[in-house]
Every structure is written in C-alpha cells, then in structure tokens.
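Note sheet for the following structure.
All figures in this text were calculated on a predicted structure; none of them were measured in a lab.
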Amino acid sequence: MNSYDVIVVGAGHAGIEAALASARMGCKTLMLTMDIHSIGRMSCNPAIGGVGKGQLVKEIDALGGQMARAADACGIQFRILNASKGRAVQSSRAQIDLDLYNRHMQELVTHIPNLEVKEGEAKKLIVTDNQVRGVVTAKDEEIRASALVLSPGTFLDGLIHIGLEHHSGGRLNERAAIGLADNLKSFGFNLLRFKTGTCPRLDKKTIDYSKLIIQYGDNPPSPFAFSTIKLAQEQIPCHITYTNPQTHKIILENLDRSPLYSGIIKATGVRYCPSIEDKIVKFKDKLRHQVFLEPQGLSTDEVYPNGLSTSLPEDVQLKMIRSIEGLEEAKVIRFGYGIEYFMAEPTQLYPTLETKLVKNLYLAGQINGTTGYEEAAAQGLLAGINAALKIRKKEPLILDRASSYLGVLIDDLTTKGTNEPYRMFTSRVEYRLILREDNADTRLSKIGYDLGLLDKESYKLAQKKIEDTAKGIKFLKNTRIQPSAKINAALALLNTAWLKKEVTLEELLKRPQVSLNDIRSWVSLPEFAIAKEVEIEVKYKGFIQRQLKDVEKFKNLEKIKIPAALDYTKIPSLSRETKEKLDKLKPLNLGQASRISGVTPAAISILMVYLRKFMALAK
C-alpha cells in the first residue's frame, strides 16, 4: 500500500500550488490527477490577473508560490489595469500562451523533489475517527496519507450544457468525477450546485482585424513576479469589437433554446462574469457589449472572444458571432458551453482551509465556491502550507483581512460563505491602500521565507526594498529646496503654487501635481530615493496612517480568542439565532465572530464580557 504525507487531488491552479508548497516544505507529496496532460490547463480565458486578482497573484509570489513566475515565463501581453486611478486599485493582468503554460507547469511538477504525480480518479476518502487517512481510487487502490488537499475544480459531478443538450463532464472532452460528491455528503458536508461557463474559440485566420480596435500591452511591460528581471516571450496585441442590436435580436429570439432560460440549468451562476444571454436580458437598455479578442498563444490560431460566454446551441452561437463587426466570416473551432458542478459550503472550513467535519482534510479552489484561476491558486497555496504545517506539528498560517487580499478571500468564504461563485475585487478589501500590489513582497516575503518556500535571493530583494524605501523617505524629509526661478517656472507649468520659502522635498512631493520624476529633474536624487514605493508612501501618508489606526482597532478584536470548546448555549442574553450561528461556524476569535452575517454589535459586546469572565475562571 502506497503512503504519503500529503495527497493533493486535482492538478488545476489550486492543486499545483498546494502540491508544490507541500513538497517544497519537505513533505512526501502525491498529486493525483485524472489526466497528467491536463496539469495547469487553463480551461477558460487565456489570462492571469485583473482587478483584485492581480493583487492575489503578487501575494502568491511573495509567499513563494508559482503562478506569478509561470505567468512571466508564458505571458504574451502585460497591462496595468486602472493605471490612471489611485495606487490602491491598480492591478496587473497578463495574456498567457495556454499551451506554453500547460507545458511549463507539467515540466515543473514532474521534476520537483518530494512530489510524485499519478494518474487516477479519487472515488472516495478513507476516514476513521473523523480524520482523513487517504483515498480510494476508481480502480479500488487505497492510497494512504496523513493529510489530503481536495481541489477538484468543476469536476464534482460536472454536467456540460450546450443548448438543450447536456452530458457528464468536468471540462469539454474530459470526464467528470462521479461518486466523490456523494462520499463527501456521507460525512455530513453540505454541497451546493454552482454554474460557470466559457466562450467559443474562433479561428484567427477568419477574423477581419481591419475592422477591430487594436489594444497593445504596456511598454515596457511590468512582470508579475518581484524577482523577474526580463520577460522572455514575444509581446502581441489584443483587439476589441462590440455586439450590436442584431446580435441581441438573435439571442432574444432563441432564449427558449438556452438551458439558462428554459429551466434546465438551476444552479447559481457567476454574477460578475455573466453569460452573453444574461447581459442581453438584464441590461436591455445597453445597445452594445464589449467583446475582447484574446489570442490563446503564439503558435495557435485559436482566439478567445472574452464577453461571449454562452451555453446557447451551436447554430445560434454561430449566427450570434457572425453578426458582430469583424467576425462576419469567423469560423468556430470550439463552441462555448455552460457547466454545473458541486461545491462545498465554505463556512464548513476553518481559516486554515481545514474542514471542521473531517480533520486533516483541506479544500481549495472552486470546491469552496470561488471562480477564477487566481482565487483557486491562492487557496491551494494556503491549503498546501497548512497541510504541511499540521503534519510537522507547527502552528498554522492564518492570514487576516489586514495582512493581505488572500486573508480577505479566506475570511469572506469561511465567515460569510457565498451563495454565488465568489470573485475577488479591490472593493472587498477594507485596507486596500496598505495592501497594494507594489508592497506585497514587503508584507509577506518574510512569511514565505520562514516557511521555506521563498528563496533567499527573493527575500533579500524584499528586505532591501524595505530599507531603501525607509532611506528614501528619510532623505526627502531631511533635504530642503530653495525657491528659484527655474523651479517656480516648472511649478507653474504643473499648475501648482510657486515656492515662496524653503521647503523639504517631502512637502513638495505631497502636492498632487508634483511627481518624483519632476523632482528628479530639479534635484539630484540617490538611487534609493526614486523607488515608486517612496512616492506612494509620501503622497498617501495621511490616508495610510488613518488605515493603520483602523487596522489596530481591527487587530484588537482579532486578539480576543474564542475557546473551541465554548458552549454558546450557556451565554445569557444571546438570541437563539446568534447562538446557533456561532456554534455552527465556530469562529476562532471575536473579530471573526463580528463578521458573521446576523451577529450584531450588541451580541459581540455580550460575548466579549462573557469571554472575560470565562477566561478569568479558567485561570
């Protein structure tokens, strides 16, 4: 009988990060996948990052994960989204060569020490005394392990829909995992049915690009990984077109053939990435919707028309596509489809992603109700880390809302749950001004290094950045500049007031109209004083300080731990509903309890007083 420290079921973005983290932390790890060739397959759009998602990828990199480095190795266009807005909401996004990414990840996971890859389907879990002991495969092979990370993506009883026809499948032309969902239910897990979808793929040779709007990447491009010095791949453009009233008419006339609108699909879909059918029905006043044509790689003719996710019949998809400018003669290589699958209510998890019902069992990715490669990879990394720490009898890694986007993601899922596929946005993050993309390394690299996941060179780079930023701010604070005709003329061009007296460079940089580059043209600055972090910290100093005060208040509640064995029924003055919610979700601290839906501030005050008495008696 084979035996491992950790088994990771699934080889998507969550499974890869979980397996790599576990193996790199010294655990004998098995990655169990139904198809070894599907490792790292990007089943939807050919891109990584985006608003809120780019921050997750940067944090994965800072902790020693793989997604950012893989994106840099396989990226064919890089852009900073919201570049004209404040630093708090700027996010990176990269177009990815799908085949290259797939091969890159396969090569990586099959050559990592401590990690074995095996083809096979997990049919059921081996559980004794409420603790996972391994899995049984479809071939009735028992594989034992001390911990298990389950990351099946959309494969749990997956059902693919194209028009009124449907068939079992985890992805197009890949079989679903049947039986594992029922096995999870047998242990008491509450499973829900979610739905997602994908777009048709078009042949670029049949697209009239002369009619489309061209969109280039940034020049120079900014990589994801903090350690990347140069991007290796050729950079290519994307293109934009739009639907029109004729497109909308075709869709509306065929809604009776849509599984979404004929009642065949009953699962909950993605609010923030709706199908084109949903867009047309719910936004009837809009005369057009953007279609973003994304190349799927340098050596393929496939193009992904982002914005046309659909499960309409194939003939309707073709008519719809050919009604769009530039796509009049387009050939479809693969048609779009919708897919239903099972997910587990994430309130059944601790913030470590270990399940409350079965010890040493961790869930990561779409099984927890999320959508998107980045959310899945972030969860996989955390699950793999905590599985390894549990085996080594070390304290778990719990990231809170004030530390990272990853902390917000996990806290949202485990305290609030989700009744629809969850997607990360900057708007979900209260402390986004101090949780920016640019400082993910200075926030989290020490954790990654201490875990043994981040290499020494990357850690040193982050430490130097911290030191240089502090030195740069000190230099600007201590360096004064005198009024002069040259400087005042430059300030006038920038539409800001002249200097009437001597000021520090820090005071000058605080002006909204003045940038660090402007100051560099007037004064010689040392290398350490020109980092963009220096400018951000100076310009947003007041706002950052206010957020840091809010963080302190937040942390005060997080410090008040709640004993796991606390009997909520004995707490007077709490409503029955509050007692039931607290007992079901078992928050680890008062902060987490305060974010449970329906738990009022008054209830938190009662709980705080009771905990003080409880802890005093315990002493």
Side-chain angles (χ1 to χ4, degrees), residues 9-16 31-46 98-99 102 106 119-124 137-139 150-185 191-201 257-260 262-270 273 275-277 296 302 304 308-318 332-344 364-373 376 421:
V9 176
H13 303 284
I16 287 170
M31 173 184 276
L32 188 63
T33 174
M34 293 167 69
D35 179 5
I36 198 168
H37 299 294
S38 71
I39 294 171
R41 184 170 288 164
M42 300 175 77
S43 52
C44 198
N45 68 310
L98 297 195
D99 290 338
N102 188 202
Q106 283 182 44
E119 280 194 344
E121 179 184 346
K123 207 71 174 175
K124 62 181 181 179
T137 70
K139 294 181 178 179
L150 187 58
S151 51
T154 58
F155 282 72
L156 277 187
D157 285 9
L159 191 63
I160 290 173
H161 296 267
I162 302 178
L164 303 182
E165 298 179 359
H166 57 267
H167 63 272
S168 175
R171 275 190 296 238
L172 196 64
N173 301 321
E174 294 183 55
R175 70 183 190 277
I178 306 297
L180 189 54
D182 286 337
N183 183 236
L184 288 170
K185 289 178 185 176
L191 303 187
L192 305 175
R193 202 78 171 149
F194 273 9
K195 174 261 174 189
T196 189
T198 190
C199 301
R201 272 58 162 186
R257 299 176 65 196
S258 163
L260 277 175
S262 61
I264 293 175
I265 293 179
K266 295 181 172 63
T268 306
V270 186
C273 190
S275 67
I276 189 63
E277 300 97 287
Q296 295 204 160
E302 288 192 40
Y304 184 90
L308 290 183
S309 175
T310 184
S311 53
L312 285 164
E314 292 181 0
D315 62 309
V316 180
Q317 289 189 41
L318 188 59
V332 177
I333 295 174
R334 283 184 291 156
F335 287 96
Y337 61 89
I339 182 168
E340 290 183 278
Y341 57 94
F342 276 120
M343 54 78 65
Q366 284 180 279
I367 191 172
N368 292 337
T370 59
T371 178
Y373 308 144

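- Asn102 is linked by a side-chain contact (heavy atoms from CB on, under 4.5 Å) to Arg41, Gln106, counting only residues two or more places apart in sequence or in another chain.
- Around atom NE2 of His167, more than 12 heavy atoms belonging to other residues, nucleotides or ligands sit under 6.0 Å away.
- Both cation-pi conditions hold for Arg193 and Phe342: the charged atom is under 6.0 angstrom from the six-membered ring centre and inside a 45 degree cone around its axis.
- Residues that satisfy the salt bridge (charged side-chain N to carboxylate O under 4.0 Å, His left out) test with Arg171, not counting sequence neighbours, are Glu174.
- For the side chain to side chain donor-acceptor pair (under 3.5 Å) test, no residue two or more places apart in sequence or in another chain qualifies with Ser309.
- Judged by distance alone, the side chain of Ser151 and the main-chain N or O of Gly365 form no donor-acceptor pair under 3.5 Å.
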Item to complete: For Asp315 and Arg257, run salt bridge (Lys or Arg N to Asp or Glu O under 4.0 Å): C-alpha distance rounded to whole Å, both residues' side-chain angles, the deciding distance at 0.1 Å, then the answer.
Response: CA-CA 11 Å; Asp315 62 309; Arg257 299 176 65 196; 3.0 Å; yes
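- Pairing each heavy atom of Ile178 with each of Ser168, the nearest pair is CD1-OG, 3.9 Å.
- Atom CD1 of Ile276 sits about 12.0 Å away from atom OG of Ser258, to the nearest 0.5 Å.
- Put simply, CG on Leu150 and CG on Leu184 are 6.0 Å apart, with the number rounded to the nearest 0.5 Å.
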inquiry  = Between Thr154 and Lys195, is the side-chain contact (heavy atoms from CB on, under 4.5 Å) condition met? List the steps.
reply    = CA-CA 9 Å; Thr154 58; Lys195 174 261 174 189; over 6 Å; no
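- Arg334 meets the salt bridge (charged side-chain N to carboxylate O under 4.0 Å, His left out) test with Glu302; sequence neighbours excluded.
- At distances below 3.5 Å, at least one donor-acceptor pair connects side-chain atoms of Tyr373 with backbone N or O atoms of Asn45.
- The side-chain contact (heavy atoms from CB on, under 4.5 Å) test applied to Asn183 returns Lys124, Leu125, Leu180, Ser186, Phe187, not counting sequence neighbours.
- Two residues are said to be in side-chain contact when any heavy atoms from C-beta on lie closer than 4.5 Å; Ile367 and Tyr341 fail this criterion.
- Using a distance-only test at 3.5 Å, with no hydrogens or angles considered, a donor-acceptor pair links the side chain of Tyr337 to the main chain of Leu172.
- Partners of Ser43 according to the side chain to side chain donor-acceptor pair (under 3.5 Å) rule, which considers only residues two or more places apart in sequence or in another chain, do not exist here.
- Closest approach of Ile265 to Ser311, counting heavy atoms only: CD1-OG, 4.4 Å.
- Looking only at distances, no side-chain donor or acceptor of Gln317 sits under 3.5 Å from a matching main-chain atom of Phe335.
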Discussion item. Met42 vs His13, test: side-chain contact (heavy atoms from CB on, under 4.5 Å). Steps then yes/no.
Written reply: CA-CA 8 Å; Met42 300 175 77; His13 303 284; 3.9 Å; yes
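- Among residues two or more places apart in sequence or in another chain, the side chain to side chain donor-acceptor pair (under 3.5 Å) test is passed with Thr310 by Glu277.
- The minimum heavy-atom distance between Ala181 and Leu191, with the atom names listed, is O-CD1, 3.4 Å.
- Residues passing the salt bridge (charged side-chain N to carboxylate O under 4.0 Å, His left out) test with Asp35: none are found, sequence neighbours excluded.
- Across all their heavy atoms, Met343 and Gly369 have their closest contact at CE-CA, 3.4 Å.
- Minimum heavy-atom separation, Val316 to Leu312: CG1-CD1, 4.0 Å.
- Under the rule for a ring-ring contact (aromatic ring centres under 6.0 Å, His included), Phe155 has no partner lying at least two apart in sequence or in another chain.
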Tyr304 vs Thr198, side-chain contact (heavy atoms from CB on, under 4.5 Å): CA-CA, chis, key distance, verdict | CA-CA 9 Å; Tyr304 184 90; Thr198 190; 3.7 Å; yes
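- Considering every non-hydrogen atom in both Cys44 and Gly197, the closest pair reads SG-O, 3.9 Å.
- Residues passing the side chain to side chain donor-acceptor pair (under 3.5 Å) test with Glu121, sequence neighbours excluded: none.
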For residues 159-166, which side-chain N or O atoms pair as donor and acceptor with protein atoms under 3.5 Å away, sequence neighbours left out?
from, atom 1, to, atom 2, distance (Å)
His161, NE2, Glu340, OE1, 2.8

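- Phe194 CZ to Ile339 CD1: the interatomic distance, rounded to the nearest 0.5 Å, is 14.5 Å.
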